[in-house]
Amino acid sequence: MFGRRVSVLLGRVASLASSPEPIFCLQGRQWYSSQSNMAKKSVCIVGSGNWGSAIAKIIGNSVKNSSLFEEKVLMWMFEEQVDGRNLTEIVNTDHENVKYLPGVKLPTNVVAIPDLTAACKNADILVFVLPHQFVDKTCKTMEAHMKKDAVAISLIKGFAITDHGIKLISEIISENLHKIPCAVMMGANLAGEVANEMFCESTIGCKNEEMGQMLKTLFEAPYFRCTVVEDACTVECCGALKNVVGIGAGIVDGMKYGDNTKAAVIRLGLMEMMKFIEVFMAGSQCKMETFFESCGIADLVATCHGGRNRMLGEAVVSSKKTIRELEKEILKGQSFQGPLVAKEIHDMLEKRDMLKRFPLFVAVHKICKREMDPSLFIDCLRDHPEHME
Ligand SMILES: NC(=O)c1ccc[n+]([C@@H]2O[C@H](COP(=O)([O-])OP(=O)(O)OC[C@H]3O[C@@H](n4cnc5c(N)ncnc54)[C@H](O)[C@@H]3O)[C@@H](O)[C@H]2O)c1
Ligand SMILES: O=P(O)(O)OC[C@H](O)CO
């Protein structure tokens with residue numbers, strides 16, 4: 001498997017160096033450790049919400065005393081006022097994102113910056129972590145100001161929508177930004193738990209082995225272990241699609257069904273995820289084993305038990321409010337990604353006359369749109385295609 005090959009490679013490369021840090025040489029780019037007198041690489045985090053702040057804590061600590069990465073990490077923050085103060089000023093003086101990740105101290109080498117072009121200008125590694133609806137505009141602002149030989153990684157769990165249907169966020173980033181390579185990282189990673197250093201795993205999907213290993217070095221912590229796989233497309237699709245299943249799990253909770261029902265929703269959701277990737281990402285050569293990485297079943301389980309999308313599903317049953325109203329009320333500025341992904345999938349399936357093949361995804365969309373009563377959710381699953389095969 002690719003993951004194992006990468007570990008072997010890392011061992012080999014590391015053993016060539018006199019220091020414990022490996023040497024990286026990305027194709028066409030000069031990426032070495034400082035032992036070979038190359039400049040250290042500078043990291044910019046594009047986004048600063050709940051997950052953005054948790055990952056800033058990991059990266060901020062990981063780059064300290066590194067021979068590969070610059071110690072100062074810039075974090076672009078969509079500026080807003082909290083109690084009459086700019087959020088960037090609060091983060092830079094109190095070292096806490098009081099709005100999106102309260103109660104967690106960020107390393108002092110993470111510097112919040114409200115100007116996106118200044119934030120990305122000198123970055124060699126761009127870490128994208130913001131709600132997916134803002135990606136396009138964000139990239140367009142960055143494009144003329146960034147280094148053309150930077151590399152990117154997307155932590156964003158969503159799809160982009162184009163005239164031709166849905167598209168991967170990593171592709172949008174790459175296409176908008178000088179075709180730079182864009183890896184992904186997805187996994188069972190509820191931000192609050194990660195920020196409190198509770199052990200978990202994540203999956204880096206990267207087509208270039210050395211870039212994947214470089215990113216693993218950047219992201220890993222004793223409580224945050226990463227595996228690297230080549231099948232980046234499946235990793236990314238799992239991250240987007242599990243949000244929809246999470247809402248379904250919440251509807252089951254809201255309807256007071258039991259654990260068997262929730263397990264059935266998780267299984268049927270997984271089957272729809274696998275079918276979706278098989279049908280729509282056929283060219284990507286997705287691998288079954290990727291579903292057994294953290295980005296697959298593990299993230300589905302975490303989201304269906306502790307995620308914000310699950311909370312939304314539960315709230316949709318007990319309240320008549322719109323999704324936007326519930327988002328404001330429950331998340332206070334954070335964002336549910338599931339309803340948007342469900343709409344994107346629904347619209348694409350409708351155009352292709354394939355709604356019947358994905359009854360769970362479709363029902364979640366209709367319930368979020370208030371076109372269907374949540375009490376009908378389970379009825380939509382009784383004659384699931386999985387039961388007909
Ligand atoms: N929160 C988690 O537990 C978690 C874990 C893993 C992955 N993710 C994924 O990470 C991505 C980002 O999620 P998050 O939790 O960091 O964000 P979030 O849900 O906390 O979203 C709020 C962020 O959006 C920003 N924002 C608001 N309006 C904006 C605009 N017009 N332009 C740009 N930014 C704007 C806010 O400033 C804030 O930083 C999502 O795709 C999510 O699915 C989240
Ligand atoms: O809180 P959710 O539902 O957005 O899920 C968060 C993470 O993606 C879980 O891995």
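We count ligands from 1, going down the list as the structure has it; atoms in each ligand are counted the same way.
Checked by atom type and distance alone, the side chain of His178 pairs as donor or acceptor with a backbone atom of Glu143 at under 3.5 Å. Between the side chain of Asp115 and the backbone N or O of Thr117 there is at least one donor-acceptor pair closer than 3.5 Å. For the pair Thr138 (side chain) and Phe134 (backbone), a donor-acceptor distance under 3.5 Å is present. Judged by distance alone, with hydrogens and angles left aside, the side-chain atoms of His384 form a donor-acceptor pair with the main-chain N or O of Glu386 at under 3.5 Å.
For atom 3 (O) of ligand 1, the closest heavy atom belonging to the protein is Ala191 N, 2.8 Å. Nearest protein neighbour of atom 1 (N) of ligand 1, counting heavy atoms only, is Asn50 OD1, 3.0 Å. At the shortest separation from atom 11 (C) of ligand 1 among protein heavy atoms lies Leu130 O, 3.8 Å. If you check which protein heavy atom lies closest to atom 21 (O) of ligand 1, you get Pro131 CG, 3.4 Å. In this structure, the protein non-hydrogen atom closest to atom 10 (O) of ligand 2 is Asp299 OD1, 2.6 Å. Looking only at protein heavy atoms, the nearest one to atom 8 (N) of ligand 1 is Trp51 CD1, 3.5 Å. Nearest protein heavy-atom neighbour of atom 36 (C) of ligand 1: Tyr100 OH, 3.4 Å. Closest to atom 9 (C) of ligand 1 among all protein heavy atoms lies Leu155 O, 3.7 Å. The protein non-hydrogen atom at the shortest distance from atom 2 (P) of ligand 2 is Arg308 N, 3.4 Å. Closest to atom 26 (N) of ligand 1 among all protein heavy atoms lies Phe134 CE1, 3.6 Å.
For ligand 2, none of its N or O atoms has an N or O atom of Gly307 under 3.5 Å away. Here's the thing with Trp76: none of its N/O atoms is less than 3.5 angstrom from an N/O atom of ligand 1. Residue contacts with ligand 1: Val129 is placed with no nitrogen or oxygen under 3.5 Å of a nitrogen or oxygen of the ligand (distance criterion only). Geometrically, ligand 1 and Arg308 share a nitrogen or oxygen pair separated by less than 3.5 Å. The N/O atoms of His132, backbone and side chain alike, include none that comes under 3.5 Å of an N/O atom in ligand 1.
Residue contacts with ligand 2, taken as heavy atom pairs separated by less than 4.0 Å, involve Asn309 via backbone and side-chain atoms alike. Counting heavy atoms under 4.0 Å from ligand 1, residue Leu190 touches it through the backbone alone. Residue Arg310 does not touch ligand 2, judged by heavy-atom distances below 4.0 Å.
Close approach of ligand 1 to Asn189 (heavy-atom distance below 4.0 Å) involves ligand atoms 3 (O), 5 (C), 6 (C). Ligand 1 places these atoms under 4.0 Å from at least one heavy atom of Glu80: 37 (O). Of all the atoms in ligand 1, the ones that sit under 4.0 Å from a non-hydrogen atom of Lys157 are 6 (C), 7 (C), 41 (O), 43 (O). Heavy-atom proximity to Gly52, at under 4.0 Å, picks out these atoms of ligand 1: 16 (O). Residue contact check: Lys157 has heavy atoms under 4.0 Å from atoms 7 (C), 8 (O), 9 (C), 10 (O) of ligand 2. Atoms of ligand 1 found under 4.0 Å from any heavy atom of Gly333, numbered from 1 in the order shown, are 22 (C).
Residues Val111 and Val91 are not in side-chain contact: their nearest non-hydrogen atoms beyond the backbone lie 4.5 Å or more apart. Proximity of Leu130 to Phe78: side-chain heavy atoms (C-beta onward) are nowhere separated by under 4.5 Å. A heavy-atom distance below 4.5 Å is not found between the side chains of Met348 and Phe159. Residues Val43 and Asp124 fail the side-chain proximity criterion, which asks for heavy atoms closer than 4.5 Å. In this structure the side chain of Phe358 reaches within 4.5 angstrom of the side chain of Lys275, judged on heavy atoms. Lys366 is not listed as a side-chain neighbour of Cys380, based on a closest heavy-atom distance of 4.5 Å or more.
Heavy-atom contacts from other residues, nucleotides or ligands closer than 6.0 Å to NZ of Lys147 number more than 12. Residue Lys105 qualifies as enclosed at atom NZ: its count of foreign heavy atoms under 6.0 Å is above 12.
At a 4.0 Å cut-off, at least one heavy atom of Lys242 sits close enough to ligand 2 to count as contact. In this structure, Gly239 does not count as a contact residue of ligand 2, since none of its heavy atoms falls inside 4.0 Å of the ligand. The shortest heavy-atom distance from Gln337 to ligand 1 is under 4.0 Å.
Between the choices Gly192, Gly49, Ala302, the shortest heavy-atom distance to atom 39 (O) of ligand 1 belongs to Gly49.
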